[in-house]
J.: 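I'd like to ask some things about the structure below.
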Amino acid sequence: MFHTMTKQSLPFHTSTKLISRHFQTMITPSWNTHLRELTKHGNYEQCLDLYRQMLRSSRAPNAFTFPVILKSCAVLSHPVYGTQVHCHVIKTGCHSEPFVQTGLIALYGKCGFVGDARKVFDESPESQKLTVCYNALVAGYVRNDGFCDGFELFCKMRALGVRVDAVTMLGLIPGFSGECGRVRFGESLHCFVAKSGLDGDFCVGNCLLTMYVRCGAMEVARKFFDRMCVKEVGTWNAMISGYAQNGYATEVLELYKDLESCGVEPNPITLVGVLSSCAHLGAQRIGVDIEKKIRNSSFKDNIFLNNALINMYARCGNLVKAKEIFDSLLEKNLVSWTAIIGGYGMHGQGETAVHLFNEMIRCNIMPDGPIFVSVLSACSHAGLTDIGLDYFNSMKTNYGLKPGPEHYSCVVDLLGRAGRLDEAQKLIKTMPMKPDGAVWGALLGACKIHKNVDLAEFAFDRVIELEPTNIGYYVLLSNLYTEVNNTDGILRIRVMMREKRLKKDPGYSYVDHKGKTHLFVAGDHNHPQTKEIYAMLERLDELVNLSSSSGGGMVHSERLAIAFALLTTDIGQDILVIKNLRVCGDCHVFIKLVSKVIDRQFIIRDPTRFHHFKDGFCSCKDYW
DNA sequence: GTAGGGTTAG
């Protein structure tokens with residue numbers, strides 16, 4: 001990997017020849033100074049390049065050279081070259097130098113060779129092992145899934161009386177993240193940190209906060225966050241990203257407002273978290289403000305931010321804007337493609353999604369697992385069943401990718417929507433892993449569309465075994481029973497829900513109109529324009545019934561929302577964003593049909609939960 | 001003149 005470095009990566013804008021002559025006259029300490037300067041400014045590649053020149057000039061590295069070089073290897077994750085440097089260390093007799101040993105332990109720990117790190121650690125005499133040495137190994141263990149070994153070493157430090165400091169905690173704390181069950185251990189570690197007086201370090205605070213977030217203990221995390229005295233942008237980021245990843249989108253937007261009012265300057269990481277929450281809520285207005293901020297900033301070309309913008313606009317239904325940003329990107333990565341393809345897919349434009357995917361392949365970009373989820377679900381929403389199946393098969397044969405349960409659930413959905421329920425069932429039987437809730441849920445959804453009660457009951461039993469509190473599945477089966485007039489079934493589900501104390505939130509749909517968000521629930525009569533809305537709905541139902549038998553898949557609140565939207569939006573407006581409509585085949589058929597009849601284009605965004613509403617309809621709140 | 005750590009983006 002070392003030979004890949006270019007001459008351009010050398011320091012100074014002079015020729016290699018000149019540099020060589022310049023450095024040949026130098027003694028080792030001068031080389032060391034240059035090397036140190038380079039790493040100080042984060043120029044690790046150049047540092048290694050200069051080290052190579054040093055060797056070519058027959059200048060022997062010393063105990064001051066190696067820590068710098070090992071650090072560079074560690075940061076760049078160059079284990080192969082790092083091992084070569086280890087040989088140089090031995091040749092020059094520097095292997096017993098404590099600074100060099102620590103560098104080696106850190107290098108091996110960072111590159112995943114924790115066994116080698118341990119070897120170096122064990123070879124070092126006990127009297128020479130200081131806190132830094134332990135810290136490097138503790139962090140090495142924790143990073144490489146060796147939490148128990150790391151914790152054991154930490155206990156040994158305390159038993160031996162080796163000083164434990166903030167950096168020890170920074171290496172150890174991430175090991176307490178993960179499953180919810182560990183949050184108690186995390187809290188006890190937190191107690192230790194506080195007792196030791198190490199909680200004053202804001203890095204340790206950030207680390208503890210992230211630990212709670214990763215445990216999914218959001219309330220504990222928030223309490224801790226509120227109590228933290230020093231909050232720098234990283235602290236806010238840990239909390240914002242934590243909320244965003246755990247689906248607390250409204251909390252993210254609230255926290256972002258707090259951040260702004262505290263005068264903290266957000267960085268790209270902050271904004272990515274906020275944009276992803278805008279995407280979830282359909283809060284395009286805030287997204288637009290953030291885009292303005294980005295365009296006027298130094299990070300306007302940040303690929304993560306641009307991808308987040310594409311994702312936000314696409315999910316908010318503004319595919320034109322999403323595509324505009326996508327096209328303007330000089331550098332597109334797999335995430336950019338996934339965002340735009342997913343966007344077209346979720347709005348029923350499967351053909352465009354597939355076309356873009358093919359274009360991506362033509363550009364020699366290797367697809368990965370997540371992009372196949374976007375492509376497969378695009379195919380299933382657009383009814384491109386066989387194309388979707390071909391893509392699924394190509395995952396393994398053309399790209400060597402192993403389909404995960406998320407891909408199987410897409411294909412079950414794909415087959416199921418097309419009415420190929422037997423094949424869907426067969427596919428589940430041949431899955432190389434245990435089917436998860438989403439797989440059985442997809443089958444259940446398909447059974448609902450095709451009114452197959454027996455198979456639906458079978459899938460339902462499986463899915464509630466895996467996700468007993470997911471109300472959606474109970475509602476799905478109950479709705480199917482309603483459609484086939486199975487009163488016993490409806491009652492049975494109702495009893496089950498009561499026994500499990502599951503309560504369904506009323507389904508609602510909403511439409512943005514002139515700065516107000518109008519919200520509808522089934523059978524809603526609260527809206528001031530109720531009369532006109534119901535008249536319009538009647539007309540629409542008539543139109544749809546005349547043209548096709550489809551359209552029955554939409555619930556009442558959705559149809560009310562559409563009727564209202566058609567009544568109120570300005571003539572000449574060609575894009576209408578209707579929110580919280582379920583993205584399903586029937587829904588798209590209905591929308592397409594209506595837009596054809598009234599000669600307007602509809603964009604539909606995916607379902608979302610929105611907490612800030614009153615009964616009936618709500619006015620524009622802070623977010624819109 | 002040197003060394004150890006964490007947060008982050010579909």
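Just the heavy atoms: all of them, side chains too, but no hydrogens, waters or symmetry mates, feed the values below. The structure displayed is predicted, hence computed values, not measured ones. Chain letters run A, B, ... following the sequence lines, proteins first, then strands; residues in each count from 1.
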J.: Under 4.0 angstrom, heavy atoms only, what part of the nucleic acid is A:D368 near: base, sugar-phosphate, or nothing?
T.: base

J.: Please tell me which of the listed nucleotides, B:dG1, B:dG5, B:dA3, lies nearest to the side chain of A:N62?
T.: B:dG1

J.: Rounded to the nearest angstrom, tell me the gap between atom CG in A:L198 and atom P in B:dG5.
T.: 17 Å

J.: Identify which nucleotide among B:dG10, B:dT2, B:dG5 has an atom closest to any side-chain atom of A:V68, counting heavy atoms from C-beta outward.
T.: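 Nearest listed nucleotide: B:dT2.
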
J.: Please confirm whether A:Y108 and A:H86 have ring centers closer than 6.0 angstrom.
T.: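 Yes, ring centres under 6.0 Å apart.
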
J.: Rounded to whole angstrom units, what separation is found between the OH atom of A:Y51 and the P atom of B:dT2?
T.: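 Interatomic distance, OH of A:Y51 to P of B:dT2: 19 Å.
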
J.: Contact class for A:T33 vs. all strands (heavy atom < 4.0 Å): base, sugar-phosphate, or nothing?
T.: nothing

J.: From the options A:K129, A:H95, A:Q128, select the one residue that forms a side chain to side chain donor-acceptor pair (under 3.5 Å) with A:Q101.
T.: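 The residue from A:K129, A:H95, A:Q128 that satisfies side chain to side chain donor-acceptor pair (under 3.5 Å) with A:Q101 turns out to be A:Q128.
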
J.: Would you please confirm or rule out a distance under 4.0 Å between OP1 or OP2 of B:dG4 and any side-chain N or O of A:K110?
T.: no

J.: What nucleotide, of B:dG4, B:dA3, B:dT8, holds the atom closest to the side chain of A:V167?
T.: B:dG4

J.: Do A:H88 and A:F66 have ring centres separated by under 6.0 Å?
T.: no

J.: Mind checking A:A308 for me? I need base, sugar-phosphate or nothing, with any heavy atom below 4.0 Å counting as a touch.
T.: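 Since no nucleic acid heavy atom lies under 4.0 Å of A:A308, the category is nothing.
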
J.: Nearest to the side chain of A:F202, heavy atoms from C-beta on, is which of B:dG6, B:dG1, B:dT7?
T.: B:dG6

J.: Of all the choices, B:dA3, B:dT8, B:dG6, which nucleotide is nearest to the side chain of A:P67 once you look at every atom?
T.: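 Of the options given, the side chain of A:P67 lies nearest B:dA3.
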
J.: A:C203 side chain: which of B:dG6, B:dG10, B:dG1 is closest?
T.: B:dG6

J.: Under 5.5 Å between ring centres and under 30° between planes: does that hold for A:F64 against the base of B:dT2?
T.: no

J.: Can you identify which nucleotide, out of B:dT8, B:dT2, B:dG4, has its nearest atom closest to the A:T102 side chain?
T.: B:dG4

J.: Does A:T131 reach a base, just sugar-phosphate, or nothing at all? Heavy atoms under 4.0 Å.
T.: base

J.: If you look at every strand shown and take non-hydrogen atoms under 4.0 Å, does A:G103 touch a base, only sugar-phosphate, or nothing?
T.: nothing

J.: Out of B:dT8, B:dG10, B:dG5, which nucleotide sits closest to the side chain of A:L170?
T.: B:dG5

J.: Identify which nucleotide among B:dG4, B:dT8, B:dG6 has an atom closest to any side-chain atom of A:R143, counting heavy atoms from C-beta outward.
T.: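 Output: B:dG6.
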
J.: B:dT8, OP1 or OP2 - any side-chain N/O from A:R214 closer than 4.0 Å?
T.: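 It does, given that an N or O in the side chain of A:R214 lies less than 4.0 Å from OP1 or OP2 of B:dT8.
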
J.: State the SG-CG distance between A:C94 and A:N62, to the nearest 0.5 angstrom.
T.: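 Rounded to the nearest 0.5 Å, the SG-CG separation comes to 6.5 Å.
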
J.: When only distance counts, do a donor and an acceptor, one from the side chain of A:D165 and one from the base of B:dG5, lie under 3.5 Å apart?
T.: no

J.: Distance check needed: B:dT2 C1' versus A:I105 CD1, whole Å only.
T.: 15 Å

J.: NZ of A:K323 to OG1 of A:T352: how many Å apart, nearest 0.5 Å?
T.: 9.0 Å

J.: With heavy atoms under 4.0 Å as the rule, sort A:N206 into base, sugar-phosphate or nothing.
T.: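 The residue A:N206 makes base contact.
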
J.: Could you tell me whether A:A166 contacts a base, only the sugar-phosphate backbone, or nothing, with contacts defined as non-hydrogen atoms closer than 4.0 Å?
T.: nothing

J.: Just wondering, are more than 12 heavy atoms of other shown residues or ligands nearer than 6.0 Å to CD1 in A:I90?
T.: yes

J.: For the side chain of A:K71, starting at C-beta, report the closest nucleotide among B:dG1, B:dG5, B:dG4.
T.: B:dG4

